[in-house]
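Since the structure is predicted, the reported quantities are computational estimates derived from the model, not experimental observations. A note on names: the letters A, B, ... follow the listed sequences, proteins ahead of strands, and every chain is numbered from 1.
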Number of protein chains: 2
Amino acid sequence: MLSTTAEYALRMMIALAEAEGRPLTSEQLSRRTDVSPDYAVKILQQLGRAKFVRAQRGRGGGFRLACDPAKTTLLDLVRVIDPLDRINRCPLGRVEHEGRLCALHASIDRAIEVLHEQLHSYTLADLLEDERGTMCATDEESVQVSIERTGNGAVPRSN
Amino acid sequence: MLSTTAEYALRMMIALAEAEGRPLTSEQLSRRTDVSPDYAVKILQQLGRAKFVRAQRGRGGGFRLACDPAKTTLLDLVRVIDPLDRINRCPLGRVEHEGRLCALHASIDRAIEVLHEQLHSYTLADLLEDERGTMCATDEESVQVSIERTGNGAVPRSN
DNA sequence: GATAAAGGAGATTCATTTATCCGATTTCGC
DNA sequence: GCGAAATCGGATAAATGAATCTCCTTTATC
């Protein structure tokens, strides 16, 4: 329903929020979020143009969060990638629907509206409150551990 | 948010519901719903395989509704085209998320859930109750009229 | 200043969705 | 049975989204 790119963007924003201001290189972000290195850069550039991250070039650089996680909603972030626009005008341009959408488009618009409301109800900070510390944008080490232990029945913990 | 194909499918289902059991040819449906003739056929075939329409081949044939408009929801129809699946398992396959999704995927899943609920709350019959009779899947004649009158400021009525 | 580490951005490839084309098949009416 | 009207369905083309590649610029460190 969300594009895969939007999900990648959310994962990387979570990883950056977890880093609490320390810069992460695109390479680190790529590994932690399972997004290919080249594509991760493209998405980070989009997030940068939208002012949700800041990039520092050169040696020792990387990407840092440029927004308040408690004030940034999933809707804000998803819309950087997917327009998710409400329907304002009749998509078929029918003049008789100029003032008011027909029942079909009104109902689709209402569906988009509730989707907006739902995505708006979560902030980036909300997603960090996972008591297990195993968000789908977690650190490299714990991912390694979980892969190594796959199949032996043990439930790995990240610490 | 919905694919364009899903919207086409909804338009054609409305047109068929308005026809009240009389068969419409793919050509007629195409004109009434502004979907290209060839693509309309493809979508009607998908709706046919899902048993929402029935096709009658040969001279005098066409497509007929094969479901009860009052019992068919927008969700039922949209899902013929767009899977719109809930998230059941961790998309990254992380073993530590097997029993329960992480906060990120739980929140995305919740968004899909409310979208389901919303689309489920409308039936095909609900969309026919447009008092102006100018649904975005209306008959050829009134479309012609509305095009002819474009720009003169008058709001055309279909009767 | 040289070098290495980092991001920037355009071009290209690959996959999927959207749209079109065309020959085959079914069916009605004569 | 023949021809016209209709759907069926495989093949193909065009457009968009996802992913990759390559070269360029910026910057810290020495």
Novice: Using the rule that two of Ile, Leu, Val, Met, Phe, Trp, Tyr join whenever any of their side-chain heavy atoms come within less than 4.5 Å, decide whether B:Leu75 and B:Leu47 are in one cluster.
Specialist: yes
Novice: Starting from the C-alpha separation in whole Å, work towards a yes-or-no answer on side-chain contact (heavy atoms from CB on, under 4.5 Å) for B:Leu2 and B:Leu10.
Specialist: CA-CA 11 Å; B:Leu2 300 187; B:Leu10 291 177; 4.3 Å; yes
Novice: Grab the CD-P distance between B:Glu7 and C:dT17 for me, whole Å please.
Specialist: 18 Å
Novice: Protein-nucleotides 28-30 of chain D N/O pairs closer than 3.5 Å?
Specialist:
| from | atom 1 | to | atom 2 | distance (Å) |
| --- | --- | --- | --- | --- |
| D:dA28 | O4' | A:Arg59 | O | 3.4 |

Novice: Kindly indicate whether the side chain of A:Lys42 and the base of D:dA18 share any N or O donor-acceptor pair separated by less than 3.5 Å?
Specialist: no
Novice: For A:Thr5 and D:dA18, is the shortest distance between a side-chain N/O and OP1 or OP2 below 4.0 Å?
Specialist: yes
Novice: Tell me which nucleotide among C:dC22, D:dA11, D:dT22 gets nearest to the side chain of B:Asp38.
Specialist: C:dC22
Novice: Indicate whether OP1 or OP2 belonging to D:dA18 is found under 4.0 Å from a side-chain N or O atom of A:Thr4.
Specialist: yes
Novice: Quickly work out the A:Phe63 CZ to C:dA5 P distance and round it to whole Å.
Specialist: 17 Å
Novice: Nearest whole Å is fine: how far is C:dA5 C1' from A:Gln28 CD?
Specialist: 12 Å
Novice: Between A:Leu24 and A:Arg32, does the side-chain contact (heavy atoms from CB on, under 4.5 Å) criterion hold? Intermediate values first, please.
Specialist: CA-CA 10 Å; A:Leu24 295 177; A:Arg32 293 182 191 201; 4.0 Å; yes
Novice: A:Arg22 CZ to C:dA6 P: how many Å, rounded?
Specialist: 16 Å
Novice: For the side chain of A:Arg49, counting heavy atoms from C-beta on, which of C:dG7, D:dC8, C:dA9 is nearest?
Specialist: C:dA9
Novice: Identify, with sequence neighbours excluded, every residue that meets salt bridge (Lys or Arg N to Asp or Glu O under 4.0 Å) alongside B:Asp68.
Specialist: none
Novice: Has A:Ser3 got a side-chain N or O lying under 4.0 Å from the OP1 or OP2 atom of D:dG17?
Specialist: no
Novice: Is A:Ser26 near enough to C:dG7 that one of its side-chain N or O atoms lies under 4.0 angstrom from OP1 or OP2?
Specialist: yes
Novice: Roughly, in whole Å, what's the span from CZ in B:Arg64 to P in D:dA6?
Specialist: 13 Å
Novice: From CD of B:Glu27 over to C1' of D:dT7, roughly how many Å is that when rounded to an integer?
Specialist: 13 Å
Novice: State whether A:Ser36 places a side-chain N or O below 4.0 Å from either non-bridging phosphate oxygen (OP1 or OP2) of D:dT20.
Specialist: yes
Novice: Return the value, rounded to whole Å, for the distance between atom CG of B:Asp34 and atom C1' of C:dA19.
Specialist: 15 Å
Novice: Which one, C:dT20, C:dG8, D:dA19, comes nearest to the side chain of A:Tyr8?
Specialist: D:dA19
Novice: Would a 4.5 Å heavy-atom cut-off, applied to side chains only, mark B:Leu65 and B:Met13 as touching?
Specialist: yes
Novice: Where the side chain of A:Tyr39 is concerned, which of C:dA11, D:dA18, C:dG7 is the nearest nucleotide?
Specialist: D:dA18
Novice: Determine whether B:Thr123 and B:Asp126 satisfy the following criterion, side-chain contact (heavy atoms from CB on, under 4.5 Å), listing intermediate values before the conclusion.
Specialist: CA-CA 5 Å; B:Thr123 69; B:Asp126 293 334; 3.3 Å; yes
Novice: Regarding A:Gly62, tell me which of base, sugar-phosphate or nothing describes its non-hydrogen contacts under 4.0 Å with the strands shown.
Specialist: sugar-phosphate
Novice: How many Å lie between CZ on A:Arg54 and P on C:dG8, as a whole number?
Specialist: 12 Å
Novice: Of the non-hydrogen atoms in A:Asp76 and A:Thr73, which two are nearest, and what is the gap between them?
Specialist: OD2-N, 2.9 Å
Novice: Might you work through the side-chain contact (heavy atoms from CB on, under 4.5 Å) test for B:Lys42 and B:Gln45, ending with a clear yes or no?
Specialist: CA-CA 5 Å; B:Lys42 287 282 179 271; B:Gln45 284 172 0; 4.3 Å; yes
